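As the structure is a computational prediction, the values presented were derived from the model and not from experiment. Values reported hereafter were calculated over all heavy atoms of this structure, with side chains retained and with hydrogens, waters and symmetry mates removed. Along the sequence shown, residues are numbered consecutively beginning with 1.
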Amino acid sequence: VGATLTSTVGATQTVSSPFQATGCDTLPFTPHLAASTTSRVSRKNGASLTVTLTQPAGQANTKSVSVTLPKQLAARLETVQQACPQATFIANPDACPAGSHVGTVAARTPVLEDPLSGPVIIEAHNGALPTLEALLRGSGITVDLSGTIGLGATLTSTFAAVPDVPISSFRLDLPTGPHSALASSSDMCKGPIAMPTTIVGQNGKKVVQTTAVSVPDCRMRILTRKVKGHTATLRVEVPNAGRLTAGGKGLRTVRRSVKRAPSVVTLKLKLSKSGLRQLAKKRRAHRKLSLRATVRLVPSGPGSQTKRTARLVFKK
């Protein structure tokens with residue numbers, strides 16, 4: 001705290017006194033990190049990854065974020081070779097070649113009225129691994145979040161110097177395209193896709209978790225169907241967490257909550273009263289009863305509602 005004191009005869013004196021906030025260790029620290037990718041991967045356009053970080057107000061601020069890429073994702077060598085030279089980036093990031101621009105970043109903080117946003121650039125370093133530079137601009141300021149890259153069985157990226165300000169939301173988007181940062185040769189819908197994550201607060205508290213990477217555009221599939229007696233059993237491959245509903249005319253409705261995805265869910269559909277009457281009528285005519293079952297998935301996160309149908313044949 002600084003002040004300027006003025007005497008009654010006009011003399012002035014500038015004084016200051018430091019102070020230290022206390023009780024930081026008692027502040028809660030519960031940031032939430034989520035990640036998603038797309039099933040559309042190719043040699044031409046690589047792979048994508050979107051990471052979002054949100055946090056309630058009144059908590060300790062975030063100090064660092066470290067993520068280890070899932071085994072299904074890797075750095076794209078063609079893009080790394082186009083990294084912006086260090087001297088160019090220091091002098092003027094806007095002069096970096098287009099091939100070094102690999103994504104975008106956006107953040108909101110309650111201390112500024114407008115959000116910050118900008119490009120994500122790969123920066124080259126002589127004799128060292130490249131870094132991922134996320135430039136946040138807005139309200140007359142520029143914040144450069146520098147992410148180091150560590151090599152191991154998979155890549156680890158760490159943003160170790162996050163400014164000590166509250167962050168309402170943060171989004172890092174590395175899309176597919178000719179200059180994508182990531183590559184993959186995997187079927188992204190065969191998951192699960194796991195991303196080990198460590199988030200450290202300015203008060204020293206730490207959140208260690210395994211973040212599930214969702215793939216919203218994966219298609220739900222009915223793997224098998226089997227009818228025995230008055231019950232049909234469906235095995236359904238579910239790509240995303242959400243609410244699963246199955247049923248149809250002549251069938252009882254079944255509802256399931258899917259919390260872990262991708263996963264294979266077994267659904268047992270029984271004939272309703274009207275279905276039993278239809279079956280009895282068919283049996284008297286020595287015929288089979290054919291019904292259509294519809295399975296619907298309403299994702300709890302990114303993604304749109306999907307449905308699949310299956311023809312079920314009841315004999316007795």
Side-chain angles (χ1 to χ4, degrees), residues 24-38 48-70 73 102-120 132-139 141-148 156-175 181-182 191-217 239-243 257-261 298-304:
C24 295
D25 58 328
T26 64
L27 289 174
F29 184 63
T30 59
H32 175 71
L33 188 139
S36 64
T37 185
T38 175
S48 70
L49 181 66
T50 298
V51 177
T52 59
L53 177 69
T54 55
Q55 189 173 358
Q59 298 195 352
N61 298 329
T62 297
K63 181 179 181 180
S64 68
V65 178
S66 178
V67 298
T68 299
L69 288 183
L73 296 174
V102 296
T104 58
V105 65
R108 282 189 173 274
T109 170
V111 302
L112 295 175
E113 182 177 357
D114 298 320
L116 304 176
S117 62
V120 178
L132 203 61
E133 306 295 330
L135 296 178
L136 288 164
R137 295 165 171 168
S139 301
I141 66 171
T142 297
V143 179
D144 179 13
L145 295 180
S146 182
T148 60
T156 297
S157 181
T158 302
F159 290 90
V162 179
D164 191 3
V165 293
I167 299 174
S168 304
S169 64
F170 175 89
R171 179 185 174 94
L172 178 71
D173 189 15
L174 304 176
L182 301 173
I193 306 177
M195 189 170 70
T197 305
T198 300
I199 311 172
V200 181
Q202 296 285 350
N203 62 354
K205 290 187 176 180
K206 184 182 294 187
V207 174
V208 180
Q209 66 182 42
T210 298
T211 303
V213 181
S214 65
V215 192
D217 61 336
N240 301 296
R243 298 194 317 275
S257 176
V258 181
K259 297 182 178 180
R260 297 178 64 89
V298 179
S300 56
S304 57

Checklist entry - Partners of Thr68 by side chain to side chain contact (heavy atoms under 4.5 Å, CB included), sequence neighbours excluded? => result Thr154, Thr156, Pro196

Item to check | Criterion side-chain hydrogen bond (donor to acceptor under 3.5 Å, both in side chains) on Thr197 and Thr211, from CA distance to verdict | outcome: CA-CA 6 Å; Thr197 305; Thr211 303; 2.9 Å; yes

Next on the checklist: Looking at every non-hydrogen atom in both residues, tell me the closest pair between Pro70 and Ala194 and how far apart they are.
Outcome noted: CB-O, 3.1 Å

Checklist entry - Quick one: CZ on Arg243 to OG on Ser257, what's the gap to the nearest 0.5 Å? => result 9.0 Å

Checklist entry - Under a 4.5 Å cut-off applied to non-hydrogen side-chain atoms, are Leu33 and Met195 in contact? => result yes

Enumerate, atom names and distances included, each donor-acceptor pair closer than 3.5 Å involving a side-chain atom of residues 161-173, sequence neighbours excluded.
residue: Asp164; atom: OD1; partner: Asn61; partner atom: ND2; Å: 2.8
residue: Asp173; atom: OD1; partner: Thr50; partner atom: OG1; Å: 2.8

Checklist entry - Within a strict 4.5 Å, meaning less than it, do heavy atoms of the Val207 and Pro31 side chains meet? => result yes

Item to check | side chain to side chain contact (heavy atoms under 4.5 Å, CB included) partner of Val65, the single match among Leu145, Ile199, Val51 | outcome: Ile199

Checklist entry - Are Thr30 and Gln55 close enough that some pair of their side-chain heavy atoms sits under 4.5 Å apart? => result no

Item to check | Results of side chain to side chain contact (heavy atoms under 4.5 Å, CB included) for Ser48 - residues two or more places apart only | outcome: Thr37, Thr38, Thr176

Checklist entry - Looking at CD1 of Ile141 and CG of Leu136, how far apart are the two atoms once the value is rounded to the nearest 0.5 Å? => result 8.5 Å

Checklist outcome for this item: Sorted by chain and number, sequence neighbours left out, side chain to side chain contact (heavy atoms under 4.5 Å, CB included) with Leu27 holds for Ala60, Asn203

Checklist entry - Considering all heavy atoms of both residues, which atom of Gly103 and which atom of Leu174 are nearest to each other, and what is their separation? => result CA-CD2, 4.4 Å

Item to check | Minimum heavy-atom distance between Phe159 and Leu132, given as atom pair plus value | outcome: CE2-O, 3.8 Å

Next on the checklist: If I compare all heavy atoms of Pro216 with all of Asn240, which pair ends up nearest, and what's the gap?
Outcome noted: O-ND2, 3.5 Å

Item to check | Side-chain donor or acceptor of Gln202 paired with backbone N/O of Thr62 under 3.5 Å | outcome: yes

Checklist entry - Can you name the salt bridge (Lys or Arg N to Asp or Glu O under 4.0 Å) partners of Arg137, sequence neighbours left out? => result Asp94

Item to check | Over all atoms of both residues, closest heavy-atom pair of Ala35 and Leu49 | outcome: CB-CD1, 4.3 Å

Checklist outcome for this item: Note: Lys205 and Asp25 closest approach over all heavy atoms is CE-O, 3.1 Å

Checklist outcome for this item: By side chain to side chain contact (heavy atoms under 4.5 Å, CB included), Pro28 pairs with (sequence neighbours left out) Gln59

Next on the checklist: Less than 3.5 Å apart, any donor N or O on the side chain of Ser146 or Glu133 sitting next to an acceptor on the other?
Outcome noted: yes

